[in-house]
Asks: 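Pasting in a structure now, in structure tokens, and then I'll have a few things to ask.
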Amino acid sequence: MDLKEIQIDKSSPVPLYEQLRQGLMDAIVSGRLPMGSKMPTEEEICHAFSISRPVARQAYSRLIESGYVSRSRGRGSFVKLPDVRDSLMNTSFDFSEEMRKHGLEPMTRLLKLETITYDAKVYENLKLEDGDICWHMCRLRSVNNRPYVYLENWIPDRIVKDLDHYDLNSRSLYEVLHTEYKIQIIRTRRALMAQTASVEIAALLDWWKGTPVMYVENLAFDQHDRPADYCEEYYDGQGHKFEFDVYNR
């Protein structure tokens with residue numbers, strides 16, 4: 001990226017660090033500074049705009065705090081997606097809506113939608129019997145044209161018929177459940193584990209085999225307290241973190 005694309009007006013009442021922060025963030029969101037790319041050094045910023053080192057450092061600190069930039073000792077600063085799920089593990093949320101709140105462009109691609117009649121782990125979680133029909137769907141979610149999370153869902157056919165009638169590339173699964181089937185997800189039980197990426201997962205998410213993976217299991221219950229959705233999610237373990245509030249009794 002050419003730093004000349006960022007406009008700094010020293011006569012503006014807006015602080016210089018805020019002008020610089022906004023210019024850099026616009027470049028990140030637009031893709032001119034793509035995820036994983038190295039940010040200009042503070043020295044390069046100071047030279048390009050004739051500003052002081054503290055101004056450049058403050059702008060970078062704000063970008064780091066908001067999750068758009070990470071700093072690696074001895075290597076420099078790099079563009080990253082903000083950790084939008086940091087404090088959202090205790091809530092269900094609409095992926096596309098949440099990403100757009102952060103100025104990011106989401107996309108969901110349906111890779112597979114089929115019915116199955118048995119899977120030991122899935123059927124145990126969903127309280128299904130061998131031979132019961134269950135929907136199985138695989139999706140890849142991207143942000144700013146970069147793979148973000150791979151997920152697989154299993155939904156019992158006994159509560160959801162004809163799921164293949166709906167466009168699950170453009171519609172949220174839970175929106176379809178609520179609108180078309182009058183199913184409301186009331187609570188979700190989640191478990192987090194560390195894994196390494198298999199060949200298949202690494203290929204889907206454009207990672208190297210063996211990349212650290214944040215693996216999340218979700219079991220969602222509807223308004224009748226029935227297991228309505230079992231989901232497995234795979235996130236880049238180096239690019240995501242999850243935070244919780246813990247209270248002492």
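The structure presented is a predicted model; accordingly, all values stated were derived computationally and were not measured.
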Asks: Using a strict threshold of under 4.0 Å (side-chain N to carboxylate O), is an ion pair present between Asp26 and Arg32?
Replies: no
Asks: Has Lys38 got a side-chain atom pairing as donor or acceptor with Arg75's backbone, closer than 3.5 angstrom?
Replies: yes
Asks: Does Glu217 come within less than 4.0 Å of Arg190, counting only side-chain N to carboxylate O?
Replies: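 Salt bridge between Glu217 and Arg190, a charged N being under 4.0 Å from a carboxylate O: no.
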Asks: Do you see a donor-acceptor pair shorter than 3.5 Å between the side chains of Gln184 and His178?
Replies: no
Asks: Output all residues satisfying side-chain contact (heavy atoms from CB on, under 4.5 Å) with Thr108, sequence neighbours left out; order by chain, then residue number.
Replies: Phe95, Arg139, Arg141
Asks: Pairing donors with acceptors under 3.5 angstrom, does anything connect the side chains of Tyr60 and Gln58?
Replies: no
Asks: For Asp157, give me all partners under salt bridge (Lys or Arg N to Asp or Glu O under 4.0 Å), at least two apart in sequence or on another chain.
Replies: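 By the salt bridge (Lys or Arg N to Asp or Glu O under 4.0 Å) rule, Asp157 matches Lys161.
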Asks: Does the side chain of Tyr174 come under 3.5 Å of the side chain of Asp229 through a donor N or O and an acceptor N or O?
Replies: yes
Asks: Side-chain contact, heavy-atom cut-off 4.5 Å: Met137 with Lys112?
Replies: no
Asks: Is Lys121 paired with Glu232 through a side-chain N to carboxylate O contact shorter than 4.0 Å?
Replies: yes
Asks: Can you tell whether the side chains of Arg71 and Glu42 come within less than 4.0 Å, N to carboxylate O?
Replies: yes
Asks: Only counting residues at least two apart or in another chain, list the ones meeting salt bridge (Lys or Arg N to Asp or Glu O under 4.0 Å) with Glu180.
Replies: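 If we apply the salt bridge (Lys or Arg N to Asp or Glu O under 4.0 Å) test to Glu180, skipping adjacent residues, the hits are Arg171.
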Asks: Below 4.5 Å, heavy atoms only, C-beta onward: do Leu219 and Thr188 meet side chain to side chain?
Replies: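 When only atoms from C-beta onward are counted, Thr188 and Leu219 do not touch, as no gap falls below 4.5 Å.
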Asks: Should Leu63 and Glu65 be marked as a side chain to side chain contact (heavy atoms under 4.5 Å, CB included) after you check the CA-CA gap, both sets of side-chain angles, and the distance that decides it?
Replies: CA-CA 5 Å; Leu63 290 169; Glu65 288 171 5; over 6 Å; no
Asks: Examine distances only and state if a side-chain atom of Ser198 and a backbone atom of Ile201 form a donor-acceptor pair shorter than 3.5 Å.
Replies: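 Between the backbone of Ile201 and the side chain of Ser198 there is a qualifying donor-acceptor contact (under 3.5 Å).
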